[in-house]
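Below is one structure, written out as structure tokens, with a few remarks after it.
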Amino acid sequence: MHLTLAQYFYGFEGSVAAKVFMVGFGALALVAALLIRLTALQWIMAGMLFFTSLTAPANQDQTSYLQTWMLPVQMRRAEGHLALGVLMTLIVVLTGRIHMPRVPVQSVFLLGIGLYAGFMQFFHEGPIEAMQSIGFALAVIPCMCFAVPAACKTYEGCLQTIRAMMWVSVLWTVCSSIQFIINPRFVVNTQGRFWGMMANAQQAAMFNAPMAIIAIWLLLNDHKKRLKPLWVGLATINLLFVGWTASRSGAVMVVLGAAFVLYRRIGKVVLFLPVAALVFFALSFLSDELQIQSNIDRLTSVENTRASVWAAQIENIIESPLVGVGWHETGGSESSWLGGFAGYGVGMFLLMISLLLYSMWRCAWLWVRRSRLPKEQRPLVELFTAWNAMYFGVATFEGILVGRSSTTQVMTLMFAGIGVWVTEQAASRLTLTPDQDEASDPDAPPLIDGSVEETYGFDDGADDYPRRGRLA
């Protein structure tokens, strides 16, 4: 009997799964290339996110890297991220996009965390490592502080930035699918848990889970109907990947994200029940073909795999609460809060808690005011809140807040810029009377006594945001 590569290397019983991966996601790449249009800055953001989504996997003995077809790129992921950061910095400076009032506070906190980790490495690693960390943070974070708000000056700009993330999901899926066809052993670990183009299953889950939620959000809210099939496909495959990773952290992100994205969409979701049924069938079919039922069962396991790591981190905190013991000596990366405290001391812990408290306040502020926004803009608040819930929720179980180059860091910087625009829109309506606020809603009944267009300027004098206002 003739065996396919998938059967020979991994034991699949049929070749249908291989055909699905090859044909289905090749089509996704084609659709994305034809339909998704981005600005130059958004392409660079997408490139930065793509480089962070590539990490080189090692063999079981941790003695060498697996020879994936993308290994040369995976080995240079940090350099690629750095190069694009420098390029974006040059564009921001030369085109005059430095505008301090629109810098996201969340991004400033992330810069502070990166710089503080770099300075603490003078104590733990040495001057060379410290300067490299500081230089890297200065190259890849400040440029995003200015570029993302510059790209998100309109509702459509925010949507394009979100689509840029999904373009990366398409490319990452295609790269993983190609590796699956060439040698499927290199997209899973020895327990059969999927890692795709990452170095471990947890990293893959923390990339795929938010991509699934964003795809669901776009399916419900993107006004471009021709992109709907793409969002259905991406939601399906990313949910499959999360199940395949058998990562409970990824499952937590999906639950938290869906809770906010679908909070006020139950009625509309009913309209997508046929699509949901199709997605469920596809997931069941693929899970059978890929033989990952045991991975999915792990998601419901109550086994505590982090208690010993947390205990070690707490011991290190007690040992050196001021400056920490260094990130590589914390005992594990299974918590941002404990790991950051153990690695870099109380200063890092205070920075992380400050970022958390500010983000909670910002999300709550937007949530209670979202009803004053035009209806098409309100879902942005829900997605912004969903991302923050996923990000800080999984930070309890993973050391993502102190990562120097990660998908979660880049996505947080992108969502922070989107949050600036949404906050401006909500703040501008605090001064409107109820009648004016009703008139600003595109779904409100037309005014019977006449209206004119008014322009309310923000800090950026180059861009004004038109609103409808009632004649006095």
Side-chain angles (χ1 to χ4, degrees), residues 16-17 20-21 24-25 27-29 31-32 53 162-163 165-177 180 187-188 192-198 201-222 227-263 265 269 272-301 382-383 386-387 389-391 393-394 407-408 411:
V16 177
V20 169
F21 271 73
F25 303 118
L28 272 183
V31 170
S53 71
I162 295 169
R163 294 183 192 125
M165 301 182 201
M166 298 313 299
W167 190 91
V168 176
S169 179
V170 170
L171 185 57
W172 190 89
T173 300
V174 171
C175 291
S176 299
S177 302
F180 179 89
V187 297
V188 295
R193 296 177 63 187
F194 176 77
W195 62 35
M197 291 287 102
M198 297 288 200
Q202 296 298 97
Q203 291 179 350
M206 287 184 288
F207 175 72
N208 296 132
M211 290 300 177
I213 295 301
I214 295 171
I216 292 172
W217 183 90
L218 285 167
L219 177 62
L220 295 173
N221 299 289
D222 195 343
L227 291 176
K228 299 292 185 182
L230 178 62
W231 307 143
V232 172
L234 287 174
T236 303
I237 190 57
N238 279 289
L239 287 173
L240 173 68
F241 285 161
V242 172
W244 197 355
T245 64
S247 169
R248 287 172 290 183
S249 297
V252 168
M253 295 183 80
V254 170
V255 171
L256 289 174
F260 287 98
V261 166
L262 302 178
Y263 176 74
R265 292 290 183 275
V269 168
F272 287 91
L273 284 179
V275 176
L278 180 62
V279 169
F280 180 80
F281 172 78
L283 288 175
S284 300
F285 171 75
L286 286 173
S287 65
D288 288 339
E289 288 292 328
L290 299 173
Q291 300 178 14
I292 61 174
Q293 188 58 46
S294 61
N295 299 43
I296 297 176
D297 292 340
R298 185 183 183 275
L299 297 178
T300 60
S301 171
E382 295 159 5
L383 183 61
W387 168 253
M390 290 188 287
Y391 181 59
V394 82
T407 57
T408 50
M411 292 178 72

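Note that these values count all heavy atoms, side chains included, but never hydrogens, waters or copies made by symmetry.
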What closest approach, in Å, do Lys228 and Asn221 show between heavy atoms, and which atom pair accounts for it?
NZ-N, 4.2 Å
Under a 4.5 Å cut-off applied to non-hydrogen side-chain atoms, are Val168 and Phe207 in contact?
yes
Can you measure from CD1 (Ile216) to OG1 (Thr236) and round to the nearest 0.5 angstrom?
9.0 Å
Contact summary for Met198 and Thr407, nearest pair of heavy atoms:
CE-CG2, 3.9 Å
What is the minimum heavy-atom distance between Ala205 and Pro210, and which atoms define it?
O-CD, 4.1 Å
Look up atom CG in Leu383 and atom CZ in Phe260, then write down how far apart they are to the nearest 0.5 Å.
12.0 Å
Heavy-atom pair of closest approach, residues Trp387 and Thr408:
CZ2-O, 3.6 Å
Rounded to the nearest 0.5 Å, how far apart are CG of Leu262 and CG of Leu220?
6.5 Å
Do Met411 and Met206 come close enough that some side-chain heavy atom pair is under 4.5 Å?
no
Using every non-hydrogen atom in the two residues, find where Ser169 and Leu234 come nearest and quote the distance to one decimal.
OG-CD2, 3.9 Å
What is the minimum heavy-atom distance between Ser176 and Gly196, and which atoms define it?
OG-CA, 3.6 Å
Distance, nearest 0.5 Å, that separates CE of Met253 from CE of Met211:
10.0 Å
d(Asn238 CG, Thr173 OG1) to nearest 0.5 Å is 5.5 Å
Mind telling me whether Phe241 and Trp172 have parallel, tilted or perpendicular rings, with 30° and 60° as the class edges?
perpendicular
Among Asp222, Leu230, Ile214, Leu227, which one satisfies side-chain contact (heavy atoms from CB on, under 4.5 Å) with Met166?
Ile214
